[in-house]
Amino acid sequence: MGKMTYTAVEGRTYADVPAEPARSPAANPRRLGAHLVGDGIDVAVHASQAERVDLCLLDEGGDGTPTERRFSLCGPVDGIWHGHVPGVGAGQRYGFRVHGRWDPDAGLLHNPAKLLLDPYARALAGAVEPAPAIYSHVVGDDLAPLDGPWQADGRDSAPHVPHGVVVDDRFDAAVPGPGTPWADTVLYEAHVRGLTMRLPEVPPELRGTYAGLAHPATVAHLKELGVTAVELLPVHAKFPEPFLTQKGLTNYWGYNTLGYFAPEPSYATKAAQQAGPEAVLAEVKGMVALLHAAGLEVILDVVYNHTCEGGGDGPTLSFRGLDNTGYYLHDGAAPARLVDVTGCGNSLDFRRTRVVQLTLDSLRYWASEVGVDGFRFDLAVTLGRDAADFSPRHPFLVAMATDPVVGATKLITEPWDLGPAGWRTGQFPAPAADWNDRFRNTVRRYWLADPATAAKGGTGKDLRELATRLAGSADLFSHGEVPGGRGPLASVNFVTAHDGFTLADLVTYDHKHNAANLEDNHDGTDDNRSWNHGVEGSVPRDSPAAEIVPVRRRSMRNMLGTMLVAAGTPMLTAGDEMGRTQGGNNNAYCQDNDISWLDWNRDGWHADLLATSTCLLRLRREHPVLRPEGFCTGRPAGDDTVPDLSWYDETGTPMTPEAWADPHRRVLQMHRSGRPLGDVDALVVLNGSLDEQTVVPPIGRGTGYDLVWDSAWETPGDGHGASLENPDDWPEQSDGEDGNGQHVPPEPGYAVEMESLSMRIYLARPSR
């Protein structure tokens, strides 16, 4: 048949418009998506309830008028429609129109007036325009359904939606990933756009782009800081929720996926966007290759739990029009209703074979073709649900763990969702690691919430959970199918993430300040466990309250230090190393502006904090005793003479059951033996009291200690590497003085004075 415009032929509905049959079946009907094969393309798409599926090839006529060629596909084969179309090459835009039963009460929303995006499209042209035509049912100008039974909307959606693009995605400049062991891994959570939008060393045309993230200036910062992997907020193609765009906002974080194979085009440089979808994809692959060349891994935050099509009355862009009941979790009632365990309107149904296949195919593609090194799964409990129930032995989780491509990458879960029994930290199977929210909450409580309570005359919690988190959270990660469970490295230890207060805001605000989100400050959590130290918000230098500012900075250093000496895999949030603020906004998901973008101010105390972060990461990197790979037993390992892990009170006395249960006790000393690791011993001393404390280091191996870091120091200064043999190297913030006024490190049993709310890291001198 000839070309036709997007508008339906006069007097016909889209169901009446004919299409030329595909010339032949696809060579492999089960290979979903559009692929270059021989003299054209093979196409296959899942639409199990459809009666006919048309492949629509979209072009522009000589006068710029959009045109469309249609080919009815063969099938179905197990719900898959397929065909080979000759004469089609890379750069061709395409979509699908699906004919079938219209029965909203049964969850069937087939409407051939809606051009549907291929879920397997590897590149996109155009964007979604929030308009009534993108809905399969008739809506008003406010995009809300009209009263009464739903009627199918006959308007063509093609001018308002993105089109898939056939790509030749060969890439000859790939660089293998560095394969950083988990024991050496330090994650750095960042947003592609926000990381470099204000980085002055990056050229303006590259800021906020994939290319900008891989620019030498960005890479230099990451390498000097000492992180090993960038964990990027979603880069899959996205669509902002209409309720945001109607308010002039956007979904900045990107947790609203449109397609699981195509990269988000808006993060590419203008030059790449103008050159076309293949250039956008090449820029993404180039970013990965450059980061690999610098020794950095790339981990993608992926959102397979829901899509951007929203609730039951949301737009029809892809999955909903192809197979609404086959992709989305429904309650089985009549009328059909979506089950939402994500809080985002819909949930993908991981009981369905094609949902599992789509997810695995997407993961394999990004790992093998784009070259990324791992994935962080948003609301991962949804991926392991059999309707309401979660199982760590869910077929998808087993398939992912055993897949030769996906299972070889770093897999990280956000181990909760909003459904029944949705908190599952520590319950995912190997080889996945879990975000440890228990660690986050405990560290915040010990350094912030408990002191805030004490400042008002109250009493905080005892030290048992703090010790558990420092030791690697064995209560969560020592279980599993093999003895010892997944081990402490499966605990991703973090204090902040994209969601919530920044590190600087944790010590500056007691309450969220989300007015800019235009939701009357109702959005975002109220469980921040933060402490403003007596004054809400920033404090001017000439304010009478300025004396709290150094204490705030020390609290930040305390939390960084605790995270980087705890057993587990640490994760920094981009900008925390420099004291980035969001002005108290703890839910900046819709703020694509200075609220979210990193402020690269590296002067004054910002530079000091960056130096502290770098110092702590260097210590962790150089000393295996600060990053143990297995759980300790509290007994000597092998032929060692001291336990692998010991706990002491402020007097250097081993902790007793009574001491552990005493909520008034605020000093804890942790001693780790380094001998089994080929390292010296480490002693970490934490003073969570509002008062200075006299502390006696434990005997340990009896060789004495060198103080290598103190959170009371504004900057690491000269304290790093000081020793008795070089007393002049000892900084002013040392432990004591000898009879000649020289600063000396503590010998075992030597009492030292510690600042209030501070922590120290000592390394034992080697045995002679």
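Just so you know, these numbers come straight off a predicted model, no measurement behind them. Residue numbers start at 1 and run along the sequence shown. Worth knowing before you read on, the calculation uses all heavy atoms, side chains too, and leaves out hydrogens, waters and symmetry mates.
Summarising the geometry of A516 relative to I595, their closest heavy-atom pair is CB-CD1, 3.9 Å, with the distance given to 0.1 Å. Nearest heavy atoms, P25 versus H82: CB-CE1, 3.4 Å. Closest approach of D340 to S347, counting heavy atoms only: CA-OG, 3.6 Å. Nearest approach of Y210 to P263, heavy atoms of both residues: OH-CB, 3.8 Å. L195 and L213 get closest at one heavy-atom pair: CD2-CG, 4.0 Å. Residues L73 and G83 come closest through the heavy atom pair CD2-N, 4.0 Å.
Both tests do not hold together for R424 against W416: distance to the six-membered ring centre under 6.0 Å, angle to the ring axis within 45°.
Proximity of V372 to I299: side-chain heavy atoms (C-beta onward) are nowhere separated by under 4.5 Å. The shortest side-chain heavy-atom distance between L108 and N324 does not fall under the 4.5 Å cut-off. Residues L383 and N305 meet the side-chain proximity criterion, which asks for heavy atoms closer than 4.5 Å. Between W81 and L55, the closest side-chain pair of non-hydrogen atoms is not below 4.5 Å. Two residues are said to be in side-chain contact when any heavy atoms from C-beta on lie closer than 4.5 Å; V45 and L322 meet this criterion. Using a 4.5 Å cut-off on side-chain heavy atoms (C-beta onward), Y327 and R352 make no contact.
Using a 4.0 Å cut-off between a side-chain N of Lys or Arg and a carboxylate O of Asp or Glu, R193 and D592 qualify as a salt bridge. Comment: R393 does not engage D386 in a salt bridge, judged by the lack of any side-chain N to carboxylate O separation of less than 4.0 angstrom. Between R70 and E68 there is a salt bridge, with a side-chain nitrogen of the basic residue lying less than 4.0 Å from a carboxylate oxygen of the acidic one. Salt-bridge check for R69 with D59: passed, with a basic side-chain N closer than 4.0 Å to an acidic carboxylate O. Under the 4.0 Å criterion applied to side-chain N and carboxylate O atoms, R385 and D417 are assigned as salt-bridge partners.
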Please test Q591 against N585 for side-chain hydrogen bond (donor to acceptor under 3.5 Å, both in side chains), starting from the C-alpha separation and ending with a verdict.
CA-CA 10 Å; Q591 300 299 325; N585 192 321; 5.5 Å; no

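Within 6.0 Å of the CG atom in D142, the count of heavy atoms belonging to other residues, nucleotides or ligands exceeds 12.
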Without placing hydrogens or testing angles, list every side-chain donor-acceptor pair under 3.5 Å for residues 113-131, not counting sequence neighbours.
{"residue": "K114", "atom": "NZ", "partner": "A133", "partner atom": "O", "Å": "2.7"}
{"residue": "K114", "atom": "NZ", "partner": "Y135", "partner atom": "O", "Å": "3.2"}
{"residue": "K114", "atom": "NZ", "partner": "D153", "partner atom": "OD1", "Å": "2.8"}
{"residue": "K114", "atom": "NZ", "partner": "R155", "partner atom": "O", "Å": "2.7"}
{"residue": "D118", "atom": "OD1", "partner": "Y120", "partner atom": "N", "Å": "2.9"}
{"residue": "D118", "atom": "OD2", "partner": "Y94", "partner atom": "OH", "Å": "2.6"}
{"residue": "Y120", "atom": "OH", "partner": "D361", "partner atom": "OD2", "Å": "2.8"}
{"residue": "R122", "atom": "NH1", "partner": "D169", "partner atom": "OD2", "Å": "2.8"}
{"residue": "E129", "atom": "OE1", "partner": "H160", "partner atom": "ND1", "Å": "3.2"}

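Counting only distance, with no hydrogens or angles, the side chain of Q273 and the backbone of A268 share a donor-acceptor pair below 3.5 Å. Listed for the Y252 side chain is a donor-acceptor partner under 3.5 Å among the backbone atoms of G194. Using modelled atom types, no side-chain atom of D313 and backbone atom of P145 make a donor-acceptor pair closer than 3.5 Å.
Separating the CE atom in M197 from the NE2 atom in H191 is a distance of 10.5 Å, to the nearest 0.5 Å. To the nearest 0.5 Å, the span separating CG on N251 from SG on C344 amounts to 9.0 Å. Between T307 atom OG1 and N346 atom CG the span is 4.5 Å, to the nearest 0.5 Å. We find the CG-CZ distance between D301 and F377 to be 10.0 Å, quoted to the nearest 0.5 Å. To the nearest 0.5 Å, the span separating CZ on R320 from NE2 on H137 amounts to 8.0 Å. The distance from atom SG of C56 to atom CZ of R93, rounded to the nearest 0.5 Å, is 12.0 Å.
Aromatic pair Y304/Y260: ring centres closer than 6.0 Å. For F350 and F390, the ring centers sit 6.0 Å or farther from each other. For F319 and H306, the ring centers are positioned 6.0 Å apart or more.
Here R354 pairs with R30, H46, D78, I80, Q357 under the side-chain contact (heavy atoms from CB on, under 4.5 Å) rule; sequence neighbours left out.
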